[in-house]
Amino acid sequence: MSGPVYERVALIGLGLIASSMFWAMKRGGLAGEVTGYARSEETRDTARRIGLCDRVCDSAAEAAEGADLIVLCVPVGAMGAVAEEIAPALKPGATVSDVGSVKRSVINAVAPHLPEGVHFVPAHPLAGTEHSGPESGFAELYDNRWCIVVPADADTDPEAVARLRALWEGMGANVDEMDADHHDLVLAVTSHAPHLIAYTMVGVADHLRRVTESEVIKYSAAGFRDFTRIAASDPTMWRDVFLNNKEATLDILGRFTEELFVLQRAIRMGDGDHLHEYFTRTRAIRRGIIEAGQDTEAPDFGRAAKTP
Ligand code: NAP
């Protein structure tokens, strides 16, 4: 890639996803100037201290003013209000994007605020850690991860889409395009329902801990430990994900409950063949994920703590 993809980029919200974008853009020389804004003074001060963004602004509108690309990196439930706040500052021809984990509700919340002549190209990078905040990001977060670009409607300017794709590819991601409803269903299966199950399992263990004192923590072997990593994810972000992807998540959880009953019955009836067959099928899925380069064989799933 020669030269930046965008002259001016604004990041609204300066947590894990935005800070990783900033370091990845700098690594690839993908943006001229990057401005940033976070709601709290504490986060803005931290950003200034660690050099996160070329210019940290005191309002979202100030950060967005004159930018060619504005990326909303706040929790899904806050996207609409932020879009409303920056709308008057957007220049004609600019592109607004976001990184929210849910797409249909974000499109519904943001699109009505955007003025004529501004492109809206939502996206969702499928990459994260259980850490959050301005100091949690690192340039490699998106390397070889998927980013799903979800054009808001069929009339979205193809050039604006191509440019955003080029940015994500420059940050190391593989890019796919998808319709918003399909995205929300796929993510309900691959991310949202699994998170809820992890939260539940850790909650169950927490109740049990009161019976067994500290044994659950002391002997937590891989299975439970992996659940705790997922269940340590940001509470605000995940509250918003479930409230905004209600239908698809409830659909998948309904199917999950049915499967759970079938397995429960197999255990009760001593149906070892059923259990063995089931686990053989699920093992193949794990192998497929490793073969696709989306995870490693490492016992920590390749997710040892990284620092910027
Ligand atoms: P994060 O580390 O918690 O950072 C969130 C940022 O949003 C902070 O700068 C915070 O400001 C700001 N913010 C929070 N509530 C706000 C509000 N009501 N109005 C304005 N700003 C607000 O979160 P993140 O992990 O980067 O997630 C950001 C977005 O990326 C979310 O939409 C999430 O769904 C999506 N996403 C996350 C992951 C993941 O694994 N973490 C993966 C893919 C996509 P303060 O610091 O000042 O409070």
Side-chain angles (χ1 to χ4, degrees), residues 10-24 35-50 52-53 56-64 70-86 96-107 109-110 113 122-138 141-142 145-150 168 171-173 175 180 183-184 186-188 190-192 194-195 198-199 229-245 249 294 301 303 306 308:
L11 299 172
I12 312 297
L14 293 174
L16 169 71
I17 297 299
S19 57
S20 297
M21 285 184 74
F22 176 75
W23 301 120
T35 55
Y37 168 75
R39 167 184 63 161
S40 70
E41 209 174 320
E42 189 189 345
T43 300
R44 296 198 295 273
D45 285 346
T46 305
R48 288 185 181 111
R49 178 172 54 76
I50 64 173
L52 170 61
C53 293
V56 177
C57 303
D58 288 321
S59 79
E62 187 192 336
I70 302 92
V71 191
L72 311 183
C73 305
V74 298
V76 167
M79 297 278 184
V82 171
E84 187 174 11
E85 199 184 328
I86 62 167
V96 171
S97 185
D98 76 296
V99 293
S101 307
V102 181
K103 296 278 57 105
R104 177 58 65 199
S105 74
V106 169
I107 291 173
V110 171
H113 298 295
H124 177 202
L126 305 191
T129 71
E130 68 276 30
H131 303 294
S132 46
E135 295 184 271
S136 58
F138 50 96
L141 181 65
Y142 306 115
R145 295 283 164 248
W146 285 101
C147 178
I148 303 180
V149 170
V150 182
W168 279 104
M171 289 191 289
V175 179
H183 165 278
D184 290 356
V186 170
L187 266 291
T190 56
S191 171
H192 306 167
H195 269 82
Y199 280 124
R229 188 190 62 76
I230 298 172
S233 301
D234 186 69
T236 306
M237 167 186 159
W238 283 97
R239 176 202 62 194
D240 282 10
V241 166
F242 293 119
L243 295 181
N244 285 278
N245 198 16
T249 312
Q294 291 299 303
F301 294 85
R303 294 189 195 93
K306 289 187 178 164

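Start at 1 and go down the list; that is how both ligands and their atoms are numbered. Keep in mind the model is a prediction, meaning the values are calculated, not measured.
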**Message:** Can you tell me how the ring of His195 sits relative to the ring of Trp238, calling it parallel under 30°, perpendicular over 60° and tilted otherwise?
**Reply:** parallel

**Item:** Heavy-atom pair of closest approach, residues Tyr199 and Asp234
**Value:** OH-O, 4.2 Å

Please give the N or O to N or O pairs under 3.5 Å between ligand 1 and the protein, distances rounded to 0.1 Å.
{"unit_1": "ligand 1", "atom_1": "2 (O)", "unit_2": "Leu16", "atom_2": "N", "d": "2.9"}
{"unit_1": "ligand 1", "atom_1": "2 (O)", "unit_2": "Gly133", "atom_2": "N", "d": "2.8"}
{"unit_1": "ligand 1", "atom_1": "9 (O)", "unit_2": "Leu14", "atom_2": "N", "d": "2.8"}
{"unit_1": "ligand 1", "atom_1": "15 (N)", "unit_2": "Arg39", "atom_2": "NH1", "d": "3.4"}
{"unit_1": "ligand 1", "atom_1": "15 (N)", "unit_2": "Arg39", "atom_2": "NH2", "d": "3.4"}
{"unit_1": "ligand 1", "atom_1": "26 (O)", "unit_2": "Leu16", "atom_2": "N", "d": "3.1"}
{"unit_1": "ligand 1", "atom_1": "26 (O)", "unit_2": "Ile17", "atom_2": "N", "d": "2.9"}
{"unit_1": "ligand 1", "atom_1": "32 (O)", "unit_2": "Val74", "atom_2": "O", "d": "2.7"}
{"unit_1": "ligand 1", "atom_1": "34 (O)", "unit_2": "Ser101", "atom_2": "N", "d": "3.3"}
{"unit_1": "ligand 1", "atom_1": "34 (O)", "unit_2": "Ser101", "atom_2": "OG", "d": "2.7"}
{"unit_1": "ligand 1", "atom_1": "36 (N)", "unit_2": "Ser101", "atom_2": "OG", "d": "3.4"}
{"unit_1": "ligand 1", "atom_1": "46 (O)", "unit_2": "Thr43", "atom_2": "OG1", "d": "2.6"}
{"unit_1": "ligand 1", "atom_1": "47 (O)", "unit_2": "Arg39", "atom_2": "N", "d": "3.4"}
{"unit_1": "ligand 1", "atom_1": "47 (O)", "unit_2": "Ser40", "atom_2": "N", "d": "2.7"}
{"unit_1": "ligand 1", "atom_1": "47 (O)", "unit_2": "Ser40", "atom_2": "OG", "d": "2.7"}
{"unit_1": "ligand 1", "atom_1": "47 (O)", "unit_2": "Thr43", "atom_2": "OG1", "d": "3.3"}
{"unit_1": "ligand 1", "atom_1": "48 (O)", "unit_2": "Arg39", "atom_2": "NE", "d": "3.4"}
{"unit_1": "ligand 1", "atom_1": "48 (O)", "unit_2": "Arg39", "atom_2": "NH2", "d": "2.8"}

**Item:** Listed partners of Arg39 passing salt bridge (Lys or Arg N to Asp or Glu O under 4.0 Å), at least two apart
**Value:** none

List the atom pairs, donor and acceptor, that lie under 3.5 Å between side-chain atoms in residues 74-81 and the rest of the protein, sequence neighbours left out.
none

**Item:** Sequence-distant partners of Thr46, side-chain hydrogen bond (donor to acceptor under 3.5 Å, both in side chains), two or more places apart
**Value:** none

**Message:** On a heavy-atom basis, which atom in Cys53 and which in Leu14 lie closest, and how many Å separate them?
**Reply:** SG-CD2, 3.8 Å

